[in-house]
Amino acid sequence: MPPLSILIKPVSGSCNMNCSYCFYTDEIQNREVACTGKMTYTTMHTLIDKAFEYSDSECTFAFQGGEPTLAGLDFYEEFSHYVNSHSNPNNIQIHYAFQTNGLLVNEVWAEWFVKNQVLVGISLDGPKSIHDKYRKDHLGKGTFDRVMEAVQLLKKYNVDFNILCVVHAASAYKARKIYEFYRKNDMNYHQYIECLDPLEAHRGTFEYSLTPNRYETFLKDLFDV
């Protein structure tokens with residue numbers, strides 16, 4: 001059996017940020033049930049049970065959102081406790097991945113990440129002027145400073161982390177500036193994903209729209225730098 005990887009959204013699309021380009025905000029607004037609430041412990045336990053039944057080599061539990069920290073640290077402590085106390089006759093290797101905007105990350109979270117060898121992804125679109133343009137909280141305030149505090153905390157606790165950067169119209173021609181900012185701040189593992197327009201919208205009509213030509217330019221410049 002190949003390695004098993006499960007993407008888990010424990011709070012559905014709920015989020016404590018209000019990014020202008022958020023694909024999931026549009027998705028939530030266009031489905032019958034916007035958010036299904038927090039995953040129950042019963043569902044959690046069933047998910048883990050079935051993962052152990054199916055896998056015979058290794059399994060990755062990857063948490064995403066919305067914003068997965070909104071489930072609360074107790075949820076994840078129960079998750080890892082249940083995994084660790086589970087009968088594991090096949091000696092399955094367990095891995096954790098966690099994608100977060102960083103706003104709720106504190107020392108207790110960092111300790112849980114380290115204890116469970118969690119690979120953390122931090123959403124950060126580059127330096128302050130680029131990140132804060134679209135990644136704001138529900139009060140309309142930029143989030144750059146708070147995300148950088150989370151990054152410094154992860155470094156302090158030696159948490160393995162990478163950076164997830166959303167490429168949009170305002171950053172498409174600034175690959176060098178973004179890349180050099182990451183390297184200057186000792187962020188050496190990056191993911192670059194394209195900004196998506198709302199599902200039913202005409203493509204390329206939004207301020208943040210990433211056209212194919214813009215994305216091509218970004219990737220070429222990034223490769224060169």
Sub-6.0 Å ring centroid separation between Phe113 and Phe161: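 No.
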State whether the side chain of [X] and the backbone N or O of [Y] hold a donor-acceptor pair below 3.5 Å, judged by distance alone.
X	Y	answer
Glu58	Pro3	no
His131	Asp125	yes
Tyr182	Gly126	yes
Ser55	Ala51	no
Thr46	Thr42	yes
Thr211	Gly204	no
Arg203	Pro198	yes

Neighbour count >12 (heavy atoms, 6.0 Å) for atom OH, Tyr157: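 Check passes, neighbour count above 12.
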Other residues, nucleotides, ligands: >12 heavy atoms within 6.0 Å of Gln117 CD: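 Atom CD in Gln117 is not crowded, with 12 or fewer foreign heavy atoms closer than 6.0 Å.
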Between [X] and [Y], does any side-chain N to carboxylate O distance fall below 4.0 Å?
X	Y	value
Asp221	Lys174	no
Asp137	Lys141	no
Glu207	Lys133	yes

Shortest non-hydrogen contact from [X] toward [Y]:
X	Y	answer
Tyr76	Pro68	OH-O, 2.6 Å
Pro10	Gln64	CD-O, 3.5 Å
Met148	Asn185	CE-OD1, 4.0 Å

Glu67 versus Thr100, side-chain donor and acceptor atoms under 3.5 Å: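 A pair is found: one side chain offers a donor N or O, the other an acceptor, under 3.5 Å apart.
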Side-chain H-bond candidate by donor/acceptor type, Glu78 with His45, under 3.5 Å: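 Yes, a side-chain donor-acceptor pair sits under 3.5 Å.
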